[in-house]
Amino acid sequence: MGCSVCRTRLNSGRALSRVPLSFTMLLIFLYLFHCLSGFCDSAPKITDGQNLMRDHVPGKVHAVRAELRWNGTVSAHVSALSELQESENGGGESGIPVSNTYGSKRFPQAIIIGVKKGGTRALLEFLRVHPDVRAVGAEPHFFDRFYHKGLEWYRNLMPRTLDGQITMEKTPSYFVTKEAPSRLCAMNCDTKLIVVVRDPVTRAVSDYTQTRTKSPGLQSFQTLVFKNCSLGVIDTSWSAVRIGMYAQHLENWLQHFPLSSFLFVSGERLVSDPAGEVGRVQDFLGLKRIVSDKHFYFNQTKGFPCLKKPEGSSRPRCLGKSKGRTHPHIPTDVLQKLREFYRPLNHKFYQMSGLDFGWD
Ligand SMILES: Nc1ncnc2c1ncn2[C@@H]1O[C@H](COP(=O)(O)OS(=O)(=O)O)[C@@H](OP(=O)(O)O)[C@H]1O
């Protein structure tokens with residue numbers, strides 16, 4: 001019995017030694033193929049990654065997936081994929097920490113600095129469809145609220161980018177923050193600045209609508225907008241009014257940046273012709289015009305253009321409920337007074353920017 005076992009072992013040993021090298025290679029190849037199909041228990045599954053990325057998948061992920069199909073180095077590429085997920089999620093927007101080392105965190109080369117309620121979120125989401133744009137999801141508020149945290153804190157918030165990709169963020173309050181231009185210039189005076197502007201009257205109503213959503217007991221618009229109601233004097237200390245005084249804010253920025261650093265985007269045209277406005281932005285950023293008409297459709301229920309395929313999703317998506325709210329009715333004479341107040345300021349802004357937005 002013992003001898004027969006020994007004989008068997010000896011025979012199988014000899015047999016094994018005769019196994020051709022090519023057969024071993026075939027086994028290795030089959031194993032790698034098995035893993036790449038997502039069945040290796042020890043390796044993270046690509047399908048899991050896809051679920052994590054359901055909201056934001058950068059264009060570069062497709063390239064990484066392609067590499068996953070054609071190369072055998074599974075773990076390196078899975079970690080690259082994880083990195084892209086984290087970057088796209090604005091360094092943890094999904095709440096799922098993913099470790100990675102792919103690309104590098106850079107200061108933004110372009111920032112959407114304003115204006116509040118202008119359509120800044122729509123613009124950023126449209127730009128994120130571009131494979132060469134990487135952006136922080138949340139508003140960093142570095143140059144207004146968190147400047148004391150230092151530049152490294154700010155840089156760390158940024159998604160990792162590959163060479164040739166543009167890092168972006170949007171914080172609409174920068175446009176009205178006195179210190180923001182000098183602070184931003186101290187970081188990089190060549191930063192490209194994008195300002196989405198919207199008719200200041202509608203913008204003020206939009207701003208008021210948002211505040212009222214948060215504080216339902218808020219006084220009426222007409223109570224807040226006047227310093228002296230009977231004389232029709234507008235209260236410029238009310239932020240909903242002050243933010244729309246674009247010429248004044250631009251003047252502050254022009255102390256530190258040349259006009260050529262700015263691109264003014266029409267908030268109205270961003271709704272009526274999103275591809276046209278995004279086209280201008282892509283040119284300004286020196287990007288190939290990839291985001292085009294074919295990326296948008298008009299959603300009748302929402303009443304706004306939506307993305308057919310947002311970054312990271314194969315399903316159409318509109319912006320959330322806080323974008324495109326129904327505005328309350330404001331008496332026409334109140335709106336008229338506000339329009340008159342803004343008229344000279346708008347004209348000054350048209351002169352300064354070299355663009356007539358046709359608000360009056
Ligand atoms: N495609 C699309 N979908 C939804 N909403 C759109 C879109 N394009 C522009 N807008 C307008 O964006 C307004 C909100 O502006 P912001 O994103 O700059 O607001 S915020 O400052 O970040 O709070 C928001 O203002 P309200 O309509 O007053 O809600 C919209 O009018």
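Ligands are counted one by one from 1 in listed order, and the atoms in each one are counted from 1 as well.
Remark: Lys337 is not positioned above the aromatic ring of Phe226, lacking an NZ or CZ atom under 6.0 angstrom from the ring centre and at most 45 degrees off the axis.
Which parts of ligand 1 touch Ser206 is read off a 4.0 Å heavy-atom cut-off, strictly below it: atoms 25 (O), 26 (P), 28 (O). Residue Thr120 approaches ligand 1 through these ligand atoms, each under 4.0 Å from one of its heavy atoms: 16 (P), 17 (O), 18 (O), 22 (O). Close approach of ligand 1 to Gly118 (heavy-atom distance below 4.0 Å) involves ligand atoms 15 (O), 18 (O). Using a 4.0 Å cut-off to heavy atoms of Glu139, the atoms of ligand 1 that qualify are 22 (O). Less than 4.0 angstrom separates some heavy atom of Gln210 from each of these atoms of ligand 1: 23 (O).
Annotation: atom 20 (S) of ligand 1 to nearest protein heavy atom, Lys323 NZ, 3.4 Å. Closest to atom 8 (N) of ligand 1, if we only count protein heavy atoms, is Ala122 CB, 3.4 Å. Among all non-hydrogen protein atoms, the one lying nearest atom 10 (N) of ligand 1 is Phe304 CE2, 3.9 Å. For atom 21 (O) of ligand 1, the closest non-hydrogen atom of the protein is Lys117 N, 2.9 Å. Of the protein's heavy atoms, Gly119 CA, 4.1 Å lies nearest to atom 11 (C) of ligand 1. The shortest contact between atom 1 (N) of ligand 1 and any protein heavy atom is with Pro305 O, 2.9 Å. In terms of protein heavy-atom proximity, atom 22 (O) of ligand 1 is closest to Lys170 NZ, 2.7 Å.
Side-chain contact, His249 with Asn252: no donor N or O sits under 3.5 Å from an acceptor N or O.
The nearest non-hydrogen atom to atom 25 (O) of ligand 1, considering only Arg198, Arg325, Lys302, Lys116, comes from Arg198. Distances from atom 17 (O) of ligand 1 to the heavy atoms of His327, Lys321, Glu268, Arg121 put Arg121 nearest.
Taking the six-membered ring for Trp and thresholds of 30 and 60 degrees, Phe143 and Tyr154 have ring planes more than 60 degrees apart, a perpendicular arrangement.
Checked against a 3.5 angstrom limit, the closest N/O atoms of Val271 and ligand 1 fall outside it. Checked by distance only, ligand 1 and Gly324 come closer than 3.5 Å through their nitrogen or oxygen atoms.
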Go through the steps to decide whether Arg106 and Asp163 satisfy the test salt bridge (Lys or Arg N to Asp or Glu O under 4.0 Å), and finish with yes or no.
CA-CA 10 Å; Arg106 300 165 221 245; Asp163 287 345; 3.3 Å; yes

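The backbone N or O of Thr167 sits less than 3.5 Å from a side-chain atom of Gln109, completing a donor-acceptor pair. Remark: the backbone N or O of Lys116 is not paired with any side-chain donor or acceptor of Thr120 at under 3.5 angstrom. Counting only distance, with no hydrogens or angles, the side chain of His130 and the backbone of Lys288 share a donor-acceptor pair below 3.5 Å.
Leu319 counts as a contact of ligand 1, since one of its heavy atoms falls under 4.0 Å from the ligand.
Identified under the ring-ring contact (aromatic ring centres under 6.0 Å, His included) test for residues 324-351, with sequence neighbours left out: Tyr246-Phe349, Phe264-Phe349, His347-Tyr350, Phe349-Phe357, Tyr350-Trp359.
Ring pair Trp253/Tyr174: centre-to-centre distance not below 6.0 Å.
Only the side chain of Phe126 comes within 4.0 Å of ligand 1, judged by heavy-atom distances.
More than 12 heavy-atom neighbours from other residues, nucleotides or ligands sit within 6.0 angstrom of NZ on Lys302.
In this view, Asn228 and Ser230 satisfy the side chain to side chain donor-acceptor pair (under 3.5 Å) rule, not counting sequence neighbours.
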